[in-house]
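A quick write-up on the structure given underneath.
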Amino acid sequence: MSVAVADPEKVQDETPNRPDMLQLYTDTLSYIERLHRLLLDVVKDEFERLGVIDVNSVQALLLYNIGDNEVTAGELKSRGYYQGSNVSYNLKKLVEAGYISHERCAVDRRAVRISLTEKGRDMRQVVTELWARHVETIDEKEIISTEGFTTLEDSMRLLERFWSDQIRYIY
């Protein structure tokens, strides 16, 4: 299967009111990808320092996102955190390692409710403490202000909504 790729220069020429918008958009997409990979590396680095070898950075973020909730894999997918096979594989590994407990839902026997075990809550705390150290350093060094984070979050939320609408063919 062949996919036609637009020539960025031609597309940019066809956007007379915002000639720099395509470049800004593609640069932002690259930053999002790089930041996600870098975030996983930051968590991996922390775990290596602590000697944690039985959970990877993706699984640690999964534990963090589950938090004190009792959820299904479907709920994690619908919240947009994970893709189907990714979440299923990682949940299985976390159950095997004792970080997550699971039981069949009383209402829908096909659904499995998951929650963190004590071991899972301890691992979540490691990630929480890492974030707290980051926030402290960011604040001390005045890297990004509270207002800056608010603006960034608002922008990311708008982009998320736009992409979700694209999937639903709204635009």
Side-chain angles (χ1 to χ4, degrees), residues 25-106 108 110-164 166-167:
Y25 182 69
T26 56
D27 288 349
T28 300
L29 297 178
S30 294
Y31 275 119
I32 292 168
E33 288 182 272
R34 286 197 320 259
L35 284 171
H36 179 68
R37 285 192 300 273
L38 194 55
L39 172 65
L40 295 175
D41 286 344
V42 166
V43 174
K44 178 180 174 260
D45 186 58
E46 177 73 3
F47 284 4
E48 286 174 357
R49 271 196 295 276
L50 296 173
V52 175
I53 58 171
D54 61 341
V55 71
N56 65 38
S57 52
V58 170
Q59 293 164 347
L61 292 177
L62 183 56
L63 294 171
Y64 183 82
N65 288 324
I66 292 170
D68 294 329
N69 302 309
E70 185 178 274
V71 297
T72 66
E75 289 169 338
L76 289 170
K77 288 183 277 187
S78 68
R79 291 179 192 173
Y81 292 137
Y82 304 94
Q83 299 298 318
S85 60
N86 183 344
V87 73
S88 299
Y89 169 81
N90 284 305
L91 287 174
K92 178 183 175 202
K93 291 296 185 184
L94 290 167
V95 167
E96 290 171 358
Y99 289 99
I100 291 179
S101 64
H102 63 95
E103 64 181 63
R104 295 251 171 238
C105 182
D108 181 357
R110 297 169 298 171
V112 176
R113 307 288 301 165
I114 58 172
S115 60
L116 301 185
T117 62
E118 187 65 35
K119 187 176 177 182
R121 286 188 294 277
D122 290 345
M123 187 58 62
R124 184 178 193 275
Q125 187 60 34
V126 169
V127 176
T128 300
E129 290 169 4
L130 176 62
W131 297 165
R133 286 196 315 274
H134 287 175
V135 167
E136 187 175 318
T137 303
I138 289 168
D139 188 41
E140 283 175 5
K141 296 186 178 199
E142 298 178 353
I143 295 171
I144 301 176
S145 67
T146 302
E147 295 79 18
F149 274 119
T150 300
T151 301
L152 180 60
E153 182 182 15
D154 290 345
S155 296
M156 298 306 275
R157 193 178 314 275
L158 289 171
L159 190 56
E160 177 185 34
R161 186 176 308 136
F162 172 72
W163 285 346
S164 295
Q166 293 302 300
I167 294 167

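Below, all heavy atoms of this structure are taken into account, side chains as well, without hydrogens, waters or symmetry copies.
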N/O donor-acceptor pair under 3.5 Å between N65 side chain and L61 backbone: yes
CD-CD1 distance between E103 and I114, expressed to the nearest 0.5 angstrom: 11.5 Å
Atom pair OG (S145) and CD1 (I138), whose distance is rounded to the nearest 0.5 Å: 11.0 Å
Residue pair E118, R121: steps toward the salt bridge (Lys or Arg N to Asp or Glu O under 4.0 Å) verdict: CA-CA 5 Å; E118 187 65 35; R121 286 188 294 277; 2.9 Å; yes
Any residue meeting salt bridge (Lys or Arg N to Asp or Glu O under 4.0 Å) with R37, in chain and number order, not counting sequence neighbours: none
Nearest-0.5 Å distance, CD1 of residue I143 to CZ of residue F149: 8.5 Å
Check ion pair E129-R133 (N to O, under 4.0 angstrom): no
Closest contact, heavy atoms only, F47 versus N56: CE2-O, 4.1 Å
Short N-O contact, R49 and E46, less than 4.0 angstrom: yes
Gap separating the CG atom of L158 from the CD atom of E160, nearest 0.5 angstrom: 10.0 Å
Min side-chain heavy-atom separation V127-L63 under 4.5 Å: no
Check: S57 side chain, V43 main-chain N or O, donor-acceptor pair, under 3.5 Å: no
Contact check, side chains of V126 and V52, non-hydrogen atoms, under 4.5 Å: no
Residues, nucleotides or ligands: over 12 heavy atoms within 6.0 Å of E96 CD: yes
Short side-chain to backbone donor-acceptor contact, N69 and I66, under 3.5 Å: yes
Value rounded to 0.5 Å, distance of CD in E147 from CG in L152: 13.0 Å
Student check: side-chain heavy atoms of V42 and H134 closer than 4.5 Å: yes
Nearest atoms (heavy-atom pairs only) where R124 meets Y64: NE-O, 2.9 Å
Close side-chain approach of D54 and K119, heavy atoms under 4.5 Å: yes
Within-4.5 Å side-chain heavy-atom neighbours: R113 and T72: yes
V112 backbone acceptor or donor facing R104 side chain under 3.5 Å: no
Donor-acceptor pairs under 3.5 angstrom involving side-chain atoms of residues 27-34: please list them, not counting sequence neighbours.
{"residue": "D27", "atom": "OD1", "partner": "Q23", "partner atom": "NE2", "Å": "2.7"}
{"residue": "T28", "atom": "OG1", "partner": "L24", "partner atom": "O", "Å": "2.8"}
{"residue": "S30", "atom": "OG", "partner": "T26", "partner atom": "O", "Å": "3.2"}

L116 side chain reached by D122 side chain, heavy atoms, under 4.5 Å: no
Heavy atoms of other groups near D154 CG, more than 12 under 6.0 Å: yes
CG/L50: more than 12 non-hydrogen atoms of other groups inside 6.0 Å: yes
